[in-house]
K.L.:
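My questions all concern the structure below.
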Amino acid sequence: MGVTKEDVEAAITSSLSPSSLVVTDTSGGCGASYEIEVVSEKFEGKRLLERHRMVNTALAPHMAEIHAVSIKKALTPAQAQPQPEPAADKAQA
């Protein structure tokens, strides 16, 4: 068998110490394709490309067996907080 969801979670957790991590096996169970959403303080001050590189570096030992990784979200804790919706404009003519 290929890389498991748990393998991916362990690799990212040990490297990035995420406050939130969602790993979804999109390969139908064979472990060849994953979608990842990760929130980590280690992303502070990093651009999106740098964040993706950090995730890919964490997964490097497994990449020979993984066909595809889709990083859906790579956010800081502040970015992951729900943003308040702007108040509706009450001034109507």
K.L.:
Quick one: hydrophobic cluster around Val22, which other residues, with the 4.5 Å side-chain cut-off, linked directly or via members?
P.N.:
none
K.L.:
Can any side-chain N or O of Ser70 pair as donor or acceptor with the backbone N or O of Lys72 at less than 3.5 Å?
P.N.:
no
K.L.:
Under 3.5 Å, is there a donor-acceptor pair between the side chain of Ser14 and the main chain of Ala11?
P.N.:
yes
K.L.:
Between Thr4 and Tyr34, which heavy-atom pair has the shortest distance, and what is it?
P.N.:
C-OH, 3.2 Å
K.L.:
State the OG-CD1 distance between Ser40 and Ile12, to the nearest 0.5 angstrom.
P.N.:
10.5 Å
K.L.:
Share the residues that join Val39 in a hydrophobic cluster, the rule being Ile, Leu, Val, Met, Phe, Trp or Tyr side chains under 4.5 Å apart at the heavy-atom level.
P.N.:
Leu75
K.L.:
As an exercise, state the distance from CG of Leu59 to CD1 of Ile71, rounded to the nearest 0.5 Å.
P.N.:
7.5 Å
K.L.:
Are the side chains of Lys73 and Val38 in touch, meaning some heavy atoms are under 4.5 Å apart?
P.N.:
no
K.L.:
Hey, which of Thr26, Val23, Ile36 is the one that makes side chain to side chain contact (heavy atoms under 4.5 Å, CB included) with Val69?
P.N.:
Ile36
K.L.:
Using salt bridge (charged side-chain N to carboxylate O under 4.0 Å, His left out) as the criterion, list what pairs up with Glu37, not counting sequence neighbours.
P.N.:
none
K.L.:
Which pair of non-hydrogen atoms, one from Asp7 and one from His62, has the smallest distance, and what is that distance?
P.N.:
O-NE2, 3.9 Å
K.L.:
If I compare all heavy atoms of Ala74 with all of His52, which pair ends up nearest, and what's the gap?
P.N.:
CB-CD2, 4.2 Å
K.L.:
Using only atom types and a distance under 3.5 Å, with no angle test, would you say the side chain of Glu50 pairs donor to acceptor with the backbone of Arg47?
P.N.:
yes
K.L.:
Work out which heavy atom in Pro77 is nearest to a heavy atom in Glu41; give both atom names and the distance.
P.N.:
CG-CG, 3.6 Å
K.L.:
For residues Ser15 and Lys42, report the shortest heavy-atom separation together with the two atoms involved.
P.N.:
O-NZ, 3.1 Å
